[in-house]
Novice: 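Please see the structure below; I have some questions.
This one's a predicted model, so the numbers in the text were calculated from it and none came from an experiment. Note on naming: letters A, B, ... go to the chains in the order of the sequence lines (proteins, then strands), and numbering restarts at 1 for each one.
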Amino acid sequence: MKKHPFTNKLLQWHKTIDRELPWKSTSDPYKIWISEIVLQQTRVSQGTSYYLKLIKNYPTVQDLANSSEDELFSHWQGLGYYSRARNLHKAAKIIATEYNGTFPKLYSQILQLPGIGPYTAAAISSFAYNLPHAVVDGNVYRVLSRYFDSHEPIDTSTGKKKYQQIADQLIDRDKAALYNQAIMDFGALICTPSQPHCDTCPMQYDCKALAEATAHMLPVKTRKIKRKTRKFVFFVIQNGDAVIIEKRQNNDIWKALYQFPMLESTSTITEESIIKLMLPRVMNIKHFNIRSYNSHQQKLTHQDIFAHIIHLTTTEQITDHTFTPINKLAYYAFPKVLQQWIETHLLSSQKVIN
DNA sequence: AAATCGGGGAT
DNA sequence: ATCCCAGATTT
């Protein structure tokens, strides 16, 4: 079957580059899987250390399946999109039990695992087994929309279908792993989001976006993100060397991570309102000292979070709440803003206070 | 179909 | 400030 000029030039170009990444030197589907989950919506530079940490702590799928969700979360802490970790753990248990610890080899089986969608199933299938499934990630959307000057939006279901179809036609079915690796490397190194390297691009005579000077506006997205503001008040209740922590349960941001007792407020927040109005709603505590009060702002993709953290010390025993020694907090995963507060206020400064 | 899920780095 | 990242799941 005759290959598209795009495919030929892509594979030719790929021979000339050298982009070594830790997960490229293996064909172990388990390690490839870990890398793909870590890298979902995550830059290589941000995810690499997490990948290495996970592989070190969980060398096999059995190790991952035998661990606890909390322990996995402690390694995932700070990376974001924590449902990835929950689904990773779920899938590991499925592989351990239903597949007897052997990673499934069929695309259809892989696709059914929690946390694995079309992209990740194609990535594992091709990189581990060389199966002819084309990956379509952010790189691929950008490269294909530009090469064909396609203004079809990438964030609609019809658009996604069309780009997947094009990708499935372009893939070299005999060199699936090589081709998929090449097109993502190409998007990362040459056909970059801003200021693509068209002057050295091997496709510069074929690329329609370059001919039409439309590369900078591609790919097209229809929806624009709107960010909502939220105000959280966290109460750090310390008795001796222990603080109260709890697990976030709701289907909300930071689900299954740990936090301090808190409430969300829509009104103006002052230190006085925290003590007089909010604290009684969180717990019944009579005698306490205020050690510190800090505010932090954290801008996320969909939320602008103002975190107010008040640190109280008390000698009261508070029922229905779990006190955890400060030197055990490392075993629990906290949202980034709380993790940083813990480091500066509970861990590093503790010796200075005492 | 649209909203949601984190955090970081480049522009 | 806005965009984007080796996307998937829930609403």
Novice: Calculate the interatomic distance between A:R227 atom CZ and B:dT4 atom C1'; express it in whole Å.
Specialist: 14 Å
Novice: Classify A:R86 by what it touches in the nucleic acid, base, sugar-phosphate, or nothing, heavy-atom distance under 4.0 Å.
Specialist: nothing
Novice: Would you classify A:I154 as touching base, sugar-phosphate or nothing, given that sugar-phosphate means primed atoms plus P, OP1 and OP2, and contacts are heavy atoms under 4.0 Å?
Specialist: nothing
Novice: Please give, in whole Å, the distance from C:dG7 P to A:L113 CG?
Specialist: 18 Å
Novice: Under the salt bridge (charged side-chain N to carboxylate O under 4.0 Å, His left out) rule, collect the residues that match up with A:D252, sequence neighbours excluded.
Specialist: A:R230, A:R248
Novice: Expressed as a whole number of Å, how far does the P atom of C:dT10 sit from that of B:dG6?
Specialist: 13 Å
Novice: Sort and list the pairs that fulfil salt bridge (Lys or Arg N to Asp or Glu O under 4.0 Å) and have at least one residue in residues 14-26 of chain A, not counting sequence neighbours.
Specialist: A:R19-A:D185, A:K24-A:D185
Novice: Set out, in order, the CA-CA distance, both residues' side-chain angles and the distance that settles side chain to side chain contact (heavy atoms under 4.5 Å, CB included) for A:K231 and A:I305, then state yes or no.
Specialist: CA-CA 6 Å; A:K231 288 180 274 192; A:I305 294 175; over 6 Å; no
Novice: Whole-Å distance between C:dG7 P and A:E36 CD?
Specialist: 8 Å
Novice: Just the rounded figure in Å: distance from P of B:dT4 to CG of A:D155.
Specialist: 15 Å
Novice: Sugar-phosphate means primed atoms, P, OP1 and OP2; the rest is base. With that split, encode nucleotides 5-11 of chain B 5' to 3' as B, S or - using protein heavy atoms under 4.0 Å.
Specialist: BBBB--S
Novice: So, A:F232 versus A:F306, ring centres under 6.0 angstrom or not?
Specialist: no
Novice: If I take atom OH in residue A:Y50 and atom P in nucleotide C:dA6, what distance separates them, rounded to the nearest angstrom?
Specialist: 17 Å
Novice: Any ring-ring contact (aromatic ring centres under 6.0 Å, His included) pairs touching residues 174-218 of chain A, not counting sequence neighbours?
Specialist: A:W13-A:F186
Novice: Expressed in angstrom and rounded to an integer, what is the separation of A:K226 atom NZ from B:dT4 atom C1'?
Specialist: 11 Å
Novice: Between A:P219 and A:T120, who's closer to the 5' end of DNA chain C by nearest nucleotide?
Specialist: A:P219
Novice: In the hydrophobic clustering (ILVMFWY, side-chain contacts below 4.5 Å, transitive), which residues join A:Y107, or is it alone?
Specialist: A:L111
Novice: Need one value for A:V44: base, sugar-phosphate or nothing, where a base atom within 4.0 Å counts as base even if backbone is also close, heavy atoms only.
Specialist: sugar-phosphate
Novice: Could you state the CD1-C1' distance from A:I225 to B:dT4, rounded to the nearest angstrom?
Specialist: 12 Å
Novice: Please report the distance separating the P of B:dT4 from the corresponding atom of C:dA6, rounded so that it comes out in whole Å.
Specialist: 24 Å
Novice: Contact class for A:W76 (heavy atom, under 4.0 Å): base, sugar-phosphate, or nothing?
Specialist: nothing
Novice: Give the rounded distance in Å between these two atoms: CD of A:Q297 and C1' of C:dA1.
Specialist: 12 Å
Novice: List in chain and number order the residues that pass side chain to side chain contact (heavy atoms under 4.5 Å, CB included) with A:K276, two or more places apart in sequence or in another chain; answer none if no residue qualifies.
Specialist: A:E272
